[in-house]
Amino acid sequence: MSSFGGRMREYPWLSIDRFDRENLRARAYFLSHCHKDHMKGLRAPSLKRRLECSLKVHLYCSPVTKELLLTSPKYKFWEHRIVALEVETPTQISLLDEASGEKEDIVVTLLPAGHCPGSVMFLFQGQNGTVLYTGDFRLAKGEAARMELLHSGTRVKDIQSVYLDTTFCDPRFYQIPSREECLNGILELVRSWITLSRYHVVWLNCKAAYGYEYLFTNLSEELGVKVHVNKLDMFKNMPEILYHVTTDRHTQIHACRHPRVALWICPEMEPFTYNWCQPSTMWFGERTRKTNIIVRTGESSYRACFSFHSSYSEVCTMVFASGMNTSIIFPLSRLFSKLKSSSLINLSSYGSCSIILIIFVALF
DNA sequence: GCGATCAGTT
DNA sequence: CACAACTGATCGC
């Protein structure tokens with residue numbers, strides 16, 4: 001859960017990624033991406049009642065986030081109240097205060113956040129200044145600096161506050177291998193195993209609902225093997241993902257989730273022991289100067305670096321890109337405040353920055 | 001039967 | 001160790 005309560009000091013009548021408590025009185029709602037810890041209260045009866053009474057209240061998000069959200073019947077009641085905004089298209093929104101009838105316009109721009117499908121950052125411009133809410137993001141060095149909408153003319157916009165994803169905003173996470181490096185490391189490990197025979201399979205132990213899709217599509221594209229997942233109806237309108245995933249377990253790459261995954265993939269394994277070591281911890285960081293992307297953690301298990309969040313240096317360049325005029329930075333994660341006093345520590349582990357791969361021989 | 005909260009998992 | 005993102009168990013209505 002983010003430490004962010006949902007409201008920004010400049011625009012307290014907007015609520016972002018939080019939908020409980022005081023947020024029940026917001027004039028407009030924003031959802032940066034479709035992860036549960038950013039959706040607290042979004043399907044609560046109290047908010048549902050509010051929507052029924054306040055017909056002018058809407059939820060703003062990207063088209064992909066809308067699609068993912070409405071795949072779950074639990075959120076269907078939002079259907080006609082969601083406004084999908086195109087990414088990188090400044091949009092004016094009129095906000096009405098129901099009590100006073102007072103109206104105010106604000107311009108919001110969605111910027112791609114690189115965290116998971118549909119994830120965006122929100123840039124708000126209005127009477128109380130320009131503020132940037134990053135949500136969760138993974139942007140490589142320079143990606144934010146290249147975003148034209150953060151600039152006016154040749155200069156960075158005068159952003160007075162940044163509400164920042166501070167998950168890895170700590171010198172211990174100074175550098176995390178790039179998306180491409182991690183992808184390639186995983187690709188070669190998977191390739192080396194599944195080319196041994198058609199019975200050699202890999203299971204990717206994915207913990208979040210969304211965020212691994214670019215891994216799946218790249219593995220499938222490169223290896224010509226579709227990835228087995230539990231459900232794919234959420235991707236029904238995303239052909240570029242849909243093409244690379246399958247619910248057919250007769251494939252060599254699995255990302256399905258099931259208490260006894262091996263049996264589900266291959267019931268014939270029941271009488272056999274399939275012992276793999278569940279890795280407890282893995283250390284990335286300063287200890288291994290040359291950062292290993294893949295580390296063997298057991299007989300048939302590996303841990304690979306894979307992060308949905310920017311490293312410390314990437315966060316720093318993000319802050320720099322949002323302008324030197326920015327005077328206030330509000331952390332969105334808990335870690336930041338705890339670590340303000342901590343000095344540089346030369347070891348780090350990050351569970352949330354990795355994916356576990358299990359390799360084994362299936363018997364079908 | 002539902003949601004909110006806690007306790008565990010990776 | 002922490003972390004994010006999630007499950008599942010339990011409690012209260």
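Every value quoted in this text rests on a predicted model; they were computed, and no experiment measured them. Proteins come first, then strands; the chains are lettered A, B, ... in the order of their sequence lines, and each starts at number 1. Because only heavy atoms are used, hydrogens play no part in the values below, and waters and symmetry mates are left out as well, while side chains stay in.
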Rounded to whole Å, how long is the line connecting atom [atom1] of [X] with atom [atom2] of [N]?
{"X": "A:Asp136", "N": "C:dA4", "atom1": "CG", "atom2": "P", "answer": "8 Å"}
{"X": "A:His309", "N": "C:dC3", "atom1": "NE2", "atom2": "P", "answer": "13 Å"}
{"X": "A:Asn205", "N": "B:dT10", "atom1": "CG", "atom2": "P", "answer": "8 Å"}
{"X": "A:Leu357", "N": "B:dT10", "atom1": "CG", "atom2": "P", "answer": "16 Å"}
{"X": "A:Leu204", "N": "C:dC6", "atom1": "CG", "atom2": "C1'", "answer": "17 Å"}
{"X": "A:Lys207", "N": "C:dT7", "atom1": "NZ", "atom2": "P", "answer": "13 Å"}
{"X": "A:Lys36", "N": "C:dA5", "atom1": "NZ", "atom2": "P", "answer": "12 Å"}

Task: Geometric class of the A:His35/A:His33 ring pair [parallel <30°, tilted 30-60°, perpendicular >60°] - done: perpendicular
Output side-chain donor-acceptor pairs under 3.5 Å for residues 226-233 of chain A, partner residues at least two apart or in another chain, one line each.
unit_1: A:Lys226; atom_1: NZ; unit_2: A:Tyr243; atom_2: O; d: 3.2
unit_1: A:His228; atom_1: ND1; unit_2: A:His254; atom_2: ND1; d: 2.9
unit_1: A:Asn230; atom_1: OD1; unit_2: A:Arg257; atom_2: N; d: 2.7
unit_1: A:Asn230; atom_1: ND2; unit_2: A:Arg257; atom_2: O; d: 2.7

Open item on the list: Whether A:Arg27 and A:Glu98 form a salt bridge (side-chain N of Lys/Arg under 4.0 Å from carboxylate O of Asp/Glu) is what I want to check.
Closed with: no
Between the protein and nucleotides 3-7 of chain B, which nitrogen or oxygen pairs are less than 3.5 angstrom apart?
unit_1: B:dG3; atom_1: OP1; unit_2: A:Arg43; atom_2: NH2; d: 3.3
unit_1: B:dG3; atom_1: OP2; unit_2: A:Arg43; atom_2: NH2; d: 2.8

TODO: Name the nucleic acid region contacted by A:His115, choosing base, sugar-phosphate or nothing; use a 4.0 angstrom heavy-atom cut-off, strictly under.
DONE: sugar-phosphate
Task: Phosphate OP1/OP2 of C:dT7: any A:Arg257 side-chain N/O under 4.0 Å - done: yes
Open item on the list: For A:Tyr133, run the ring-ring contact (aromatic ring centres under 6.0 Å, His included) check against A:Tyr60, A:Phe30, A:Phe4 and tell me which one passes.
Closed with: A:Phe4
Task: Exam field: side chain A:Tyr11 to backbone A:Val131, donor-acceptor pair closer than 3.5 Å - done: no
Task: Donor-acceptor pair, side chain of A:Arg296 and main chain of A:Glu299, under 3.5 angstrom - done: yes
